[in-house]
Amino acid sequence: MYSEKVMDHFTNPRNVGEIENADGVGEVGNASCGDIMKIFLKVEDNVIKDIKFKTFGCGAAIATSSMVTEMAIGKTLDEALELTNAAVAEALDGLPAQKMHCSNLAADALHEAIKNYKETHSA
Amino acid sequence: MKRIYMDNNATTAVRPEVLDAMLPFYREQFGNPSSVHWAGRAVSGAVEKAREQVAQLINCSPAEIVFVSCGSEGDNMALKGTVDALRDKGDHIITTTVEHPAVLETCKALEKQGVRVTYLPVDHNGMLNLAELEAAITDKTILISVMWANNETGNLYPIEEIGAIARKYKVRFHTDAVQAVGKVPVDVQKANVDLLVLSGHKLGAAKGVGAIYIRRGTRLTPFMHGGHQERGRRAGTHNVAGIVGLGVACELAGAHLEAEATRIRALRDRLEQGILERVPEIKLNGHPDPNLRLPNTLNVSFAYIEGESLLLNFDMKGIAASSGSACTSGSLEPSHVMGAMCVDVVLAHSSTRFSLGADNTEEDVDYVLEVLPPIVQRLREMSPLYNR
Amino acid sequence: MKRIYMDNNATTAVRPEVLDAMLPFYREQFGNPSSVHWAGRAVSGAVEKAREQVAQLINCSPAEIVFVSCGSEGDNMALKGTVDALRDKGDHIITTTVEHPAVLETCKALEKQGVRVTYLPVDHNGMLNLAELEAAITDKTILISVMWANNETGNLYPIEEIGAIARKYKVRFHTDAVQAVGKVPVDVQKANVDLLVLSGHKLGAAKGVGAIYIRRGTRLTPFMHGGHQERGRRAGTHNVAGIVGLGVACELAGAHLEAEATRIRALRDRLEQGILERVPEIKLNGHPDPNLRLPNTLNVSFAYIEGESLLLNFDMKGIAASSGSACTSGSLEPSHVMGAMCVDVVLAHSSTRFSLGADNTEEDVDYVLEVLPPIVQRLREMSPLYNR
Ligand SMILES: Cc1ncc(COP(=O)(O)O)c(C=O)c1O
Ligand SMILES: Cc1ncc(COP(=O)(O)O)c(C=O)c1O
Ligand code: FES
Ligand code: FES
């Protein structure tokens, strides 16, 4: 059902955990439909220096979370904002059709975290 | 890698004796049992023998057995055939919120045709209130349909008592016994059921064959129209090999029922106790008394984690189980059975069913008990809902 | 004793390659294709491969194939599902008087629900008048259902032309192709059919499996309600082994279609010519041009004698064939197909179908030609209708 990349990220997820005193935190999804994603950012000079996630969800949800953290780290906030859900799914060599809704969360969670950073760090 | 199959409520391996019995009917005795000639004759005898074997397991007469293609067909036939046959008598069906989709979706389809359906709720343990059932009966009630055992929790319903209520009010009684037959004693006379459905692949026969018991004198409109097979009650060329195998599976199940139930119950109890001891923050789903569940079934929820990722991790260790999570179902909702029991939706997503079978051993159970706790812990540590 | 099976329109032996392909799915790859774990995954790939093989044989896309349990189920699904889905558009079905009971009895059941059905007559050769078909279409017509080939006579119907008429009037077109698929080229695109039914055991797969082609975009209410299998179009656990076998049978049939049709046609023609030469006072049933019939089918009536006694005599010589006689059917009427062709009722009782198959040889044909004439003669001499 899942590609090798998905299984790899599911089995050995990158950047799992929380960042204490994170500069930005984003949370999307709700438990009733099966997935919640939380992303934590450490930002320096507009660049994502560190990123961690926690996810409640299926294999696709965990793999997309892991993948989005890998893709975002080292990017400027503006570059990270351009990451799309589709790009995450593509980087995982695709997801099964019935799983596309999970992939619609990872980039959203990242964007939420950036938004949260900008709100709390403006001015 | 070790492979441990604990998903026998989803489907079972065909038993070796069953497969052996089936094989001659593909290339040697391949005739159509409806045919007059040599190729048909041998075969029709084999179908009739299987009918006797099935009848014996559930204590009915062979003429009351009709072969069908699966449990779902049996349930469709029981419900739709009753509504069509008894339309003049009434338009009301009573069933439960925890039935298999084969019953629930059929009821929904019947509702579109104007049939009224009462879906009885269950309590937190998944059990019915029989006073409520009795109170739901009206003079328009034509059918009560309650499953013998629930596929997700293994809960056993009080079929004899429901049969007595049905008889008291002269309402027809159907039971989906797909999960019960072969696992626990099933006696249609004692239980006073009028219609009962079973499915081969849940008891060691092949996929693609099942049977419905139709009590003598029960008017039931055919579901499958066409040829005269099954005395006009089910059209379509007989799945001869499948039917022969179902007969043998029923005979085997009957011969070893008690011993096998005892053996499997001990394994299940060991698994249940072991998990409860080793993993904190879990919830047992279904009746807390394991004797009020099928001997092979255990359903537990692991707080904070989701079922599919749990199953995938089990799978990587060779363990096959199943989950009530929405993420494994193809729909967006977690198990309707968990919902009916008012299991918290997050816990419903992590509900995990272990259903043991003929091939499981104590070593299998111990292996599961060994690998399960660290998997749960690892997933919990990834979960935003979990706070140590 | 020699055993010569010439009843392949009733059912066929499972081909050895098909059985080989099926065997791993009973005890090794026994999982439920809907399951997430190892036991389910391998199996779901196998089901999808079979879907492609079936699709290829009839030139459609795999997503347009739904697996069912037999031809009868397919026909029930096509007709009942159409009526339910298109009830708002109309209430009229056009079919023929020579359809299989799976279509005819379903139509009769639908008539009880208020559906109007036109049963098109056939001529003495069993053929349709397409002008009559066209004239029967009204703005309430929701379905035309005409079989691709007749099971008793082997007559081939002009499906492409009927498809063109259906398209012209924008009426849905279903064809029962149970006898055609695997014997003659079947192309759903060319023929412009919307629904097509086939059955495994008529083409070397097992009994208990079939398929329905549902053209993309064709609204069809499910016949079997329940689980999400087959993308919600057919509930019930997949008959995995049967489906895998059906796939292989379709692939084999496609690979050898022309060569095998030519070979079998030659045998059938030899049998046909031989009988016509050797036995006086017989009548060929169906189209006189053997090329307008299935390559494997011959149906003849032997004046003055009754079919069951003929079959029993054949049987004593090891020959398996079938008859349109009432005495073999379980009903009191001789074949409705013979009736529709206005075959004299006494001749209908002696109508005898020889349907050849993969295992038949020239020796088989010659053996039949040798034993048949004296049997016919002996029975005629016992008949009060016969006066030399
Ligand atoms: C033309 C035709 N349609 C339908 C059927 C029914 O197929 P099945 O026996 O697989 O239900 C048959 C065979 O019996 C047939 O010959
Ligand atoms: C309780 C119950 N009823 C009905 C069914 C349907 O049986 P089948 O898959 O044979 O159609 C199942 C199994 O899936 C079941 O567990
Ligand atoms: S989290 Fe439910 S399908 Fe992915
Ligand atoms: S003559 Fe005996 S059944 Fe017809």
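Every chain is numbered from 1 and lettered A, B, ... according to where its sequence line falls, protein lines coming before strand lines. Because the structure is a prediction, the values reported are computed rather than measured.
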Per-residue contact mode, [X] against chain C (heavy atom under 4.5 angstrom):
X	value
B:I319	backbone
B:L311	side chain
B:A39	side chain
B:S322	neither
B:R87	neither
B:K108	neither
B:N76	side chain
B:T12	backbone

Using 30° and 60° as the class limits, which term best fits the ring planes of C:F223 and B:F223: parallel, tilted or perpendicular? parallel
Ignoring hydrogens, what is the shortest heavy-atom contact between B:G318 and C:W38? Give both atom names and the distance. O-NE1, 2.9 Å
What are the two closest non-hydrogen atoms of B:V36 and C:L312, and how far apart are they? CG1-CD2, 3.9 Å
Against chain B, work out which of [options] has the most heavy-atom pairs shorter than 4.5 Å and name it.
options	answer
C:K112, C:H225, C:E73	C:H225
C:M224, C:R15, C:Q113	C:M224
C:A10, C:G232, C:P222	C:A10
C:P16, C:G236, C:G71, C:S323	C:P16
C:H238, C:H201, C:Q229, C:E28	C:H201
C:M22, C:H100, C:R3	C:R3

Backbone of C:A13 reached by a side-chain donor or acceptor of B:R27 within 3.5 Å: no
Donor-acceptor contact present, side-chain B:K207 to main-chain C:F30, <3.5 Å: yes
Highest number of heavy-atom pairs under 4.5 Å with chain C: which of [options]?
options	result
B:R231, B:H37, B:M77, B:E105	B:H37
B:D75, B:L23, B:L19, B:V68	B:L19
B:G40, B:A321, B:G242	B:A321
B:S35, B:C70, B:S72, B:G200	B:S72

Take C:S199 and B:T237 through the side chain to side chain contact (heavy atoms under 4.5 Å, CB included) test and state the conclusion after the steps. CA-CA 10 Å; C:S199 178; B:T237 300; over 6 Å; no
Non-hydrogen atoms of chain B under 4.5 Å away: do they reach the side chain of C:L110, the backbone, both or neither? neither
Salt-bridged, C:D315 to B:R41, with N to O below 4.0 Å? yes
